[in-house]
Amino acid sequence: MERTLKVEGKYRYYEIGEGTPIVILHGLMGGLSNFDGVADYFNNKGYKIIIPELPLYTNSLLKTNVKAFARFVKDFIVFKGFDKVILLGNSLGGHIALYHAKMYPELLKGMVLTGSSGLYESAMGDSYPKRGDYEYIKKKAEDVFYDPSIATKELVDEVFATVNDRIKVIKTITIAKSAIRHNMAKDLPKIQTPTCLIWGKNDQVTPPEVAVEFDELLPDSELFWIDKCGHAAMMERPNEFNELLEAWLTKRNL
């Protein structure tokens with residue numbers, strides 16, 4: 001995918017295609033390129049794919065939390081002049097999408113969650129990567145995937161740089177604590193947005209039972225599994241992910 005980062009005001013984002021907007025929310029350690037497979041597949045199928053950079057490390061500490069990020073997404077949707085969008089979130093991005101659905105349901109046509117946080121936060125809170133230990137970081141990055149080879153040196157280097165940046169470490173811990181504080185269990189039964197859950201059966205970060213709980217608590221959800229797949233299905237199994245998502249969007253007329 002030929003990408004040029006658009007910079008408008010406080011927003012930096014990629015945009016490709018024309019049609020119904022799908023706004024993609026990346027995770028805590030996730031880059032915008034994690035969604036290349038989704039963007040390449042959907043941009044010529046009647047969808048506009050927009051991937052904004054979330055202000056995880058640029059907001060003030062007081063605004064480094066799930067609620068503030070959800071408000072940022074709302075402001076971005078309004079800034080772009082979209083009427084209603086489909087939100088697609090992985091990991092922390094899924095959690096932000098859920099909080100957005102709680103606060104601004106009128107802006108959503110549908111929601112797609114994969115490996116979402118919001119119910120189960122041990123992944124973010126319990127063993128924050130030790131600074132300076134490259135092998136430990138490498139192992140942590142590999143654990144995200146069923147196939148460890150997907151954790152390329154470039155990806156590991158990126159995570160390593162983040163955990164060795166003192167400001168980013170402080171903000172990452174702040175975000176992790178915010179995710180625990182903003183547990184969505186009580187909110188999910190009130191969220192009426194049609195939701196597609198696509199989960200890796202071998203997700204060690206947000207395990208399969210988390211997906212089942214999401215499916216039970218959300219009033220209008222469907223759950224789909226991808227075998228031999230970890231926490232980032234759209235990266236590890238892009239073909240299966242895209243086919244499942246397209247079938248769901250077609251079924252729901254979104």
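These figures come from a predicted structure and were not determined experimentally.
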Next item on the list: Go through the steps for Arg252 and Asp220 under the test salt bridge (Lys or Arg N to Asp or Glu O under 4.0 Å), then give the verdict.
Entry: CA-CA 11 Å; Arg252 301 306 295 253; Asp220 187 7; 2.8 Å; yes
Handout entry: side-chain hydrogen bond (donor to acceptor under 3.5 Å, both in side chains) between Lys80 and Tyr13, intermediate numbers included
Key = CA-CA 11 Å; Lys80 287 293 291 174; Tyr13 62 98; 3.1 Å; yes
Taking every heavy atom of Pro189 against every heavy atom of Pro219, the minimum-distance pair comes out as O-CG, 3.1 Å
From the list Thr114, Thr250, Ile86, Val112, side-chain contact (heavy atoms from CB on, under 4.5 Å) with Leu245 holds only for Val112
Tested for side-chain contact (heavy atoms from CB on, under 4.5 Å) against Lys74, the lone hit among Phe79, Tyr104, Phe69 is Tyr104
I'd like to know if the side chain of [X] and the backbone of [Y] have a donor-acceptor N/O pair within less than 3.5 Å.
X      : Y      : value
Thr64  : Thr174 : no
His26  : Leu54  : yes
Ser178 : Val66  : yes
Ser221 : Asp215 : yes
Gln204 : Val144 : no

(request) Assess Lys45 against Tyr41: is NZ or CZ under 6.0 Å from the centre of the six-membered ring, and within 45 degrees of the ring's axis? (result) yes
- Check the hydrophobic clustering (I, L, V, M, F, W, Y; side-chain heavy atoms under 4.5 Å; chains of links allowed) and say if Tyr99 and Val78 are grouped together. no
Do the side chains of [Y] and [X] get nearer than 4.5 Å, heavy atoms only?
X      : Y      : answer
Lys171 : Leu61  : yes
Leu88  : Val23  : no
Leu197 : Phe224 : no
Ile96  : Leu87  : no
Asp147 : Lys228 : no

query = What's the verdict on side-chain hydrogen bond (donor to acceptor under 3.5 Å, both in side chains) for Thr172 and Tyr57, showing C-alpha distance, side-chain angles and the deciding distance?
reply = CA-CA 8 Å; Thr172 301; Tyr57 301 121; 3.2 Å; yes
Output yes when [X] and [Y] qualify as a salt bridge under the 4.0 Å nitrogen-oxygen rule, no when they do not.
X      : Y      : value
Lys138 : Glu142 : yes
Lys139 : Asp143 : yes
Glu106 : Lys84  : no

For the residue pair Phe214 and Trp199, categorise the inter-ring angle as parallel (less than 30°), tilted (30 to 60°) or perpendicular (more than 60°).
tilted
>> I'd like to know whether Thr206 forms a side-chain hydrogen bond (donor to acceptor under 3.5 Å, both in side chains) with Asp203, so could you lay out the CA-CA distance, the side-chain angles of the two residues, the decisive distance to 0.1 Å, and finally the verdict.
In response: CA-CA 6 Å; Thr206 46; Asp203 188 339; 2.7 Å; yes
Kindly check if the number of other-residue, nucleotide or ligand heavy atoms within 6.0 Å of [atom1] ([X]) is above 12?
X      : atom1 : answer
Lys48  : NZ    : yes
Glu8   : CD    : yes
Lys177 : NZ    : no

Checklist entry - Taking the six-membered ring where the residue is Trp, are the ring centres of Phe145 and His231 under 6.0 Å apart? => result no
Exercise for the section: For side-chain contact (heavy atoms from CB on, under 4.5 Å), just list the numbers for Glu222 and Cys196, CA-CA rounded to whole Å, side-chain angles, deciding distance to a tenth of an Å, and then say yes or no. Expected result: CA-CA 5 Å; Glu222 286 183 80; Cys196 176; 6.0 Å; no
**Message:** Between Tyr134 and Asp157, is the side-chain hydrogen bond (donor to acceptor under 3.5 Å, both in side chains) condition met? List the steps.
**Reply:** CA-CA 8 Å; Tyr134 190 85; Asp157 286 351; 2.6 Å; yes
